[in-house]
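Data first, discussion second: the structure below is written as structure tokens.
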Amino acid sequence: MKLRVRQKASNIGQVEHTRKVIKGLGLRGPGSVVVVANTPSFRGMVKKVLHLVEVEEVADEAASPKS
């Protein structure tokens with residue numbers, strides 16, 4: 001499984017640590033979407049900025065059968 005993370009709010013006015021977490025996830029602004037591995041490190045990063053992002057689980061592209 002992987003996680004699809006979409007930034008729903010701006011990080012303007014947030015503390016520097018929160019801005020760095022958003023940048024570390026690869027998000028660049030409201031509306032941007034990244035797909036990251038479902039590992040403890042990424043889940044911890046997402047938990048820190050949960051008020052700024054939307055998260056959903058997606059299946060691995062390589063594991064899903066192509067029709």
Side-chain angles (χ1 to χ4, degrees):
M1 284 289 194
K2 293 195 175 202
L3 299 174
R4 179 178 294 136
V5 183
R6 183 176 78 84
Q7 187 175 353
K8 63 180 182 178
S10 174
N11 59 4
I12 294 174
Q14 300 295 322
V15 295
E16 187 65 25
H17 177 73
T18 302
R19 292 179 186 190
K20 288 182 180 180
V21 171
I22 290 286
K23 187 174 181 180
L25 283 169
L27 297 168
R28 297 180 295 166
S32 63
V33 178
V34 293
V35 177
V36 295
N38 190 3
T39 61
S41 59
F42 279 120
R43 286 195 310 260
M45 291 173 75
V46 167
K47 188 176 178 181
K48 292 283 187 182
V49 294
L50 201 53
H51 59 289
L52 298 175
V53 299
E54 292 177 350
V55 183
E56 66 178 280
E57 287 187 356
V58 293
D60 292 335
E61 292 82 26
S64 63
K66 294 182 179 180
S67 19

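All values below come from the heavy atoms of this structure, side chains included, with hydrogens, waters and symmetry mates left out.
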Exercise for review: Enter the distance from Lys20:NZ to Met45:CE here, rounded to the nearest 0.5 Å.
Suggested key: 12.0 Å
**Study point:** Phe42 with Leu50, same ILVMFWY side-chain cluster at under 4.5 Å
**Key:** yes
Practice item. Please tell me if the side chains of Glu57 and Leu3 come closer than 4.5 Å, counting only heavy atoms from C-beta onward. Key: yes
Point to revise | Heavy-atom closest contact (Val5 atom, Leu27 atom, distance) | key: O-CD2, 3.8 Å
Practice item. Could you tell me whether the side chain of Arg6 reaches within less than 4.5 Å of the side chain of Arg4, counting heavy atoms only? Key: no
Revision key, fill the gap. Looking only at heavy atoms, the pair that brings Ala9 and Pro30 closest together is C-CG, 3.9 Å
**Study point:** Flag side-chain contact, heavy atom, 4.5 Å: Asn38 against Arg43
**Key:** yes
Check your understanding: Hey, what do you get for CG (Asn11) to CZ (Arg28), rounding to the nearest 0.5 Å?
Key -> 13.0 Å
Practice item. Enter the distance from Ser32:OG to Ile22:CD1 here, rounded to the nearest 0.5 Å. Key: 8.0 Å
Practice item. Would you name the heavy atoms of Asp60 and Lys2 that are closest together and state the gap between them? Key: OD1-CG, 3.0 Å
Point to revise | Greater than 12 external heavy atoms within 6.0 Å of Lys8's NZ | key: yes
